[in-house]
Amino acid sequence: MSESKKTKEPIEIEAPWQDKSYQPQAMEKKWQEKWEADKLYRSVINERKPKHYALTMLPYPSGDLHIGHWFSMIPPDTRARYMRMKGYNVLFPMGFDAFGLPAENAAIREGLHPMKRTFENINRMRTQMKTMGTMFDWEREAISATPEYYKWTEWFFIKLYNMGLAYRKMSPVDWCPNCNTTLAREQVWGEDRHCERCGTPVIKKNLDQWFFKTTKYADELLNFHGLDWPERVKTLQTNWIDRSEGASVIFKTEVGNHDVEIFTTRPDTLWGATFMVFSPEHPLLEEITTPGNKAAVEEYKAQAARQSDIQRGAVDKDKTGVFTGGYAINPVNNERIPIWIADYVLMSYGTGAIMAVPAHDERDFEFARKYELPVRGVIQPLADNVSKYIGETEKNLRQLFDAAEEGGAILFFDEADDLFGKRDQSENVDAKKGIIDINWLLENVNKAYIGPGVMVNSAPFNGTKVNTEKGRKNPGIAAVIDWLEEKGIGRESVNYRYRDWLISRQRYWGAPIPMIHCDVHGWNPVPEDQLPVLLPEDVEWRPTGESPLKLHPTWKNTTCPVCGEPAIRETDTMDTFMCSSWYHLRYLSPHYDKGPFDEAEYNYWMPVDTYTGGIEHATMHLLYTRFFHKALRDAGITEGNEPMLQLRNQGMVLGEDNEKMSKSRGNVIAPDVLVKRYGADTVRAYIMFFARWEMGAPWDSQGIEGSARWIRRTWHLFTDQNQTGSASDETKKNLRRKVHQTLRKVTRDFENFEFNTIISSLMELMNEMYKAREAGAAGGKEWKEAQDIYLRMLAPVAPHISEELWTNYLRKPYSVHQQDWPKVDEEAAQEDSIEIPVQVNGKVRGRVVVPAEAGEDEIKAAALASEPVQKFLEGKEPRKVIVANKRLVNIVV
RNA sequence: GCCGGAGUGGCGGAAUUGGCAGACGCGCACGACUCAAAAUCGUGUUCCCUUCGGGAAUGAGGGUUCGAUUCCCUCCUUCGGCACCA
């Protein structure tokens, strides 16, 4: 408050132009201070008004605000302002996701405590956000790295733990053996995957870590009922969870007789399993590997540990693997099959072991061919289905069939109809009847067969039809599952690619996991009255990046909450996604100390009505926060099934070189410089105008001149001496029409988050107003209405200039931001006549003007009578005349 | 590699439901104002042939349709995500 006294210092204008009357820097600052003093943007519960919770993803305090932050904040800010004018009580808060790796890395590099750097950055970024003229309610600011915040992050962990949703499991991390520390993905560099600090090749290390059972909610997370979310986000989440139906089957190891559970979506191919493949991390490997294969297996394991899952999973990559020397028994036919290991089997998907059916799985086929393992077909295809399988020309298909016939590989010519029912008898090659011997096909086509057919070599299921449906909808699969369950060797099951959420981080700068380990009583949560577990401030930063919490001499020593004997604290901290899973709740009451949030605030504001942020969060943050909400709902803490009803994503702003903005590339655009040069209103307008918000675009620093011109022309439209005159009735009518058409368009665009066309519409209206003023319209009642509506529409976009013109030039009651959104006068927006293009054979040859209320016949007659059409018809009758919804006439001759 | 987007003039983009391709703006060119420059204002600006006028064009190729930037198929390029960046 006190620092606002020294505002009257001269403002330096660094613009290439000089405009004595429009000086945004001083004017914008004046209004920002007045709004703040008047608490214009303070949002408090008001039961008399409908609420609107507009949330935008909170930034990480990286240092300075860059243009990407503006792109994510300004359009939602204008929309929040629009909603306010529409009569909603709007909550539009901001905060900082303040824990995380970069501050910790900087601390290691420079020895500066991450707290210090983080809060310096926050203060700078908050100031920058205020110069943008945003309507954030700063009294609701929440910062995830403050004890008053992370106390409740810890509290939530304990709630989830008590619900049985948190558990410990061994899980691999990328590990630098030299630095003795875990590495994040971005700290692993190059194809050879070395440590960014010391260059040492990275290895995988198994650590005991905390997980949340997100998979418990997998099915519910697939349900988007009632959510107005972009289709592509729903698709991304659905594919990310990737539910697949199939069966779990127990194979037995020959050595030790251990159960090895495998999951398969194709239990109908169990009889075709000719080997098993274990992940290189599989826990049974030690025992089943025979001495003669030990060395090869160990070497392969080491090799696999150096790769990422993405590298390992790549389908086009050469399959590699080694034989363990061990064998397993296939429970469906008691066959003895070899156990291999291969890096394409991931411990993180399914059970870490698969049955390999090379005849009917692409990857298994490739593997079997490479290592000369047997391939046994168990699904015999109908000849009809083969063309797609071989994927070749008709000629080759014919040759293949001729060869098959000659080699006796086409079977059951007569039985085919009985099995599949009567089919089309037309004599094309695809419809050739019969069933082709699968093993002959595999030899001759040399790839796995995936498609419908009849089971063979699969007693007792020989002759059973299978199609391409998944799960029980497939008769072959359904029959086999029933049989497996009856025999007790398998069961129907559902598998997800989605994994439980690993929340442990071997780092300092995060919320401590509030758990205590006692040798007698195991793991127990820190008692609630001892929260928060505070991060110690006297920590040692080693250049190797070892966790300072582990190195701290005393911090981890505590007492067991059960017996009071000495015990050890968990030294891992939580994934920062944990903090950002509930920040929308902390905004409700950021300083509340009786719980994570004040219930009265929750009941009024939640759920979030509009959530905006980058598409890059589609599968991680947005799934975590949905999971979190559902878990809290089951704990009785939150209500409803979903935290955020409507979601909209903005695209990314690239540098002028069309590359992602980064300090190292030197292509970062600093908005501070632009604000100083043009004023915030111009930068806001350009942010909205320069790209489609949903898409993003490379930055273009030249284009901002256009927005600057528009703002200045707006200024002069209102502040220049208006030469009042006598405009014609037509001029007045046209002005009103344009005003209300623009209002209609701008309103619709705000509803649809189409921000760039809001600016173009306002530019068009301004150009019209200049013309109308030229024609003498200034001063009349249509002119005054145009000014009024124009400024109301401008207010969300350019809050400062619109306030100045509204309050100080039009002398209307302060503040423009407390006015209502105007209503469209549909009658005024109506056109008198419409111009309709006339096409002949799909090409525009002319146009006719008809009254707006003209019917189809009238339009048709006018089109046919028009001169260009007559010319093209040359006396002939048109074959067809299409009148498309008063939009266009097409005449076909 | 897998999943999801995007591709329209020199540039950013516009185009209700399949109906005039290029709104609005940048840039550029010419003109006005000026001693001059900047700023401002005005005119023009997809490409090709050009007298009228005509032809081509929305990443490439194909399809559906009276009509496709829009729907379908194949391909190319490019961007985002892939679980420890947030």
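Below, chain A is the first sequence line, B the second, and so on; all start at residue 1. Values below: every heavy atom of this structure, side chains too, minus hydrogens, waters and symmetry copies.
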- Message: Ring-plane angle category for A:Y217 and A:F627, please: parallel below 30°, perpendicular beyond 60°, tilted otherwise.
- Response: perpendicular
Name the nucleic acid region contacted by A:H621, choosing base, sugar-phosphate or nothing; use a 4.0 angstrom heavy-atom cut-off, strictly under. nothing
Q) Taking the P atom of each, how far is B:rU70 from B:rA21, in whole Å? A) 14 Å
Quiz item: Contact class for A:N239 (heavy atom, under 4.0 Å): base, sugar-phosphate, or nothing?
Solution: sugar-phosphate
Donor-acceptor side-chain pairing of A:W582 and A:T153 below 3.5 angstrom
yes
With syn meaning chi within 90° of zero and anything else anti, the base of B:rG9 is syn
So, under a plain 3.5 Å distance rule, would you say the side chain of A:Q506 forms a donor-acceptor pair with the base of B:rC84? yes
Notebook entry, point to check: A:G100 near the nucleic acid: base, sugar-phosphate alone, or nothing, with a heavy-atom cut-off under 4.0 Å?
Noted result: sugar-phosphate
Could you measure between the two C1' atoms, the one in B:rU69 and the one in B:rU58, and give it in whole Å? 5 Å
TODO: Measure the acute angle between the ring planes of A:Y583 and A:Y611, then classify it against the limits of 30° and 60° as parallel, tilted or perpendicular.
DONE: tilted
Taking B:rC66, B:rA86, B:rG4 as options, the one with an atom nearest any side-chain atom of A:R232 is B:rG4
Testing B:rC66, B:rC84, B:rA86 for proximity to the side chain of A:V173, the answer is B:rC84
Winner on side-chain proximity to A:Q702, out of B:rG27, B:rG25, B:rG81, is B:rG27
Q: Would you indicate what A:A884 reaches in the nucleic acid, counting non-hydrogen atoms under 4.0 angstrom: base, sugar-phosphate, or nothing?
A: base
Query raised in the report: Okay, side chain of A:D174, backbone of A:K204: is any donor-acceptor separation there less than 3.5 Å?
Result: no
Quiz question: going by heavy-atom distance under 3.5 Å, is there a donor-acceptor pair between the base of B:rU16 and the side chain of A:R748?
yes
Closest to the side chain of A:T619, out of B:rG81, B:rG80, B:rA86, is B:rG81
Answer for the Watson-Crick or wobble partner of B:rU16, both distances under 3.5 Å, is none
### Message
Once you apply a heavy-atom cut-off of 4.0 Å, does A:S504 come out as touching a base, just sugar-phosphate, or nothing?
### Response
base
Using Watson-Crick geometry (N1-N3 plus N6-O4 or O6-N4) or G-U wobble (N1-O2, O6-N3), each under 3.5 Å, B:rC26 is paired with B:rG10
Between CG of A:L622 and P of B:rA86 the distance, given in whole Å, is 16 Å
Pairing partner of B:rU40, by Watson-Crick or G-U wobble and under 3.5 Å for both distances, is B:rA32
Establish, with yes or no, whether the OP1 or OP2 oxygen of B:rC41 is under 4.0 angstrom from a side-chain nitrogen or oxygen of A:R713.
yes
Sugar-phosphate, base or nothing in reach of A:Q187, heavy atoms under 4.0 Å: nothing
Pairing partner of B:rG80, by Watson-Crick or G-U wobble and under 3.5 Å for both distances, is B:rC3
| With a non-hydrogen cut-off below 4.0 angstrom, is A:T757 in contact with a base, only sugar-phosphate, or nothing? | sugar-phosphate
Among B:rC26, B:rC84, B:rG80, the one nearest any side-chain atom of A:M652 is B:rG80
Counting any heavy atom closer than 4.0 Å, what does A:Q209 reach on the DNA or RNA strands: base, sugar-phosphate only, or nothing?
-> base
Per atom distances to the A:R847 side chain, the nearest of B:rC20, B:rC26, B:rG25 is B:rC20
### Query
When the C1' atoms of B:rG44 and B:rG10 are considered, how many whole Å apart are they?
16 Å
Report task. With C1' as the reference atom in both, quote the distance from B:rG19 to B:rC71 in angstrom, rounded to an integer. Result -> 15 Å
task: May I ask you to check whether A:Q237 and A:W229 show a side-chain donor-acceptor distance below 3.5 Å?
output: no
With a non-hydrogen cut-off below 4.0 angstrom, is A:W710 in contact with a base, only sugar-phosphate, or nothing?
nothing
Answer for the Watson-Crick or wobble partner of B:rU69, both distances under 3.5 Å, is none
Go through the side-chain N and O atoms of A:Y167 and A:D500 and say whether any donor and acceptor fall under 3.5 Å apart. yes
Ignoring backbone atoms, establish whether A:K843 has a side-chain N or O less than 4.0 Å from OP1 or OP2 of B:rA56. yes
Which is true for A:R879 with a 4.0 Å heavy-atom rule: it touches a base, it touches only sugar-phosphate, or it touches nothing?
nothing
Next item on the list: Have a look at A:N767 and say if it touches a base, only the backbone sugar-phosphate, or nothing, with a 4.0 Å heavy-atom cut-off.
Entry: sugar-phosphate
Quick note, A:I310 side chain, CB onward, closest among B:rG80, B:rC24, B:rG1 is B:rG1
### Task
Return no unless some side-chain N or O of A:R887 is found under 4.0 Å from OP1 or OP2 of B:rC20.
no
Review point. Hey, are A:E774 and A:K771 close enough for a salt bridge, meaning a charged N less than 4.0 Å from a carboxylate O?
Key: no
query = Expressed in whole Å, how much space separates the C1' atoms belonging to B:rU45 and B:rC26?
reply = 13 Å
From the candidates B:rG13, B:rG80, B:rC20, the one with an atom nearest any side-chain atom of A:N756 is B:rG13
Original post:
Between A:R709 and B:rC26, is there a side-chain N or O to OP1/OP2 distance below 4.0 Å?
Top reply: yes
Check: Base, sugar-phosphate, or nothing: which does A:R499 touch, judged by heavy atoms less than 4.0 Å apart?
Finding: base
Between A:S62 and A:H69, the two heavy atoms sitting closest are OG-CE1, 4.3 Å
With the side chain defined as heavy atoms from C-beta on, A:E764 is closest, among B:rC24, B:rC66, B:rA83, to B:rC24
- prompt: Is it true that A:D208 and A:R168 have a side-chain N and a carboxylate O under 4.0 angstrom from each other?
  reply: yes
Notebook entry, point to check: Do A:E764 and A:T742 have side-chain atoms, one donor and one acceptor, less than 3.5 Å apart?
Noted result: no
Partner of B:rC47 under the Watson-Crick or G-U wobble criteria, both distances under 3.5 Å, comes out as B:rG55
In whole angstroms, the gap separating C1' of B:rC84 from CD of A:E616 amounts to 17 Å
Margin query: Categorize A:K234 for me: base, sugar-phosphate, or nothing, with a 4.0 angstrom heavy-atom threshold over every strand shown.
Written below: nothing
- request: Please state whether the phosphate of B:rG13, meaning OP1 or OP2, lies under 4.0 angstrom from any side-chain nitrogen or oxygen of A:R692.
  value: no
Have a look at A:G651 and say if it touches a base, only the backbone sugar-phosphate, or nothing, with a 4.0 Å heavy-atom cut-off. nothing
So for A:R507 and B:rC84, does any side-chain atom that can act as donor or acceptor lie under 3.5 Å from a complementary atom in the base?
yes
Whole-Å distance, A:L236 CG to B:rG81 P, equals 12 Å
Taking B:rA83, B:rG25, B:rG27 as options, the one with an atom nearest any side-chain atom of A:F689 is B:rG25
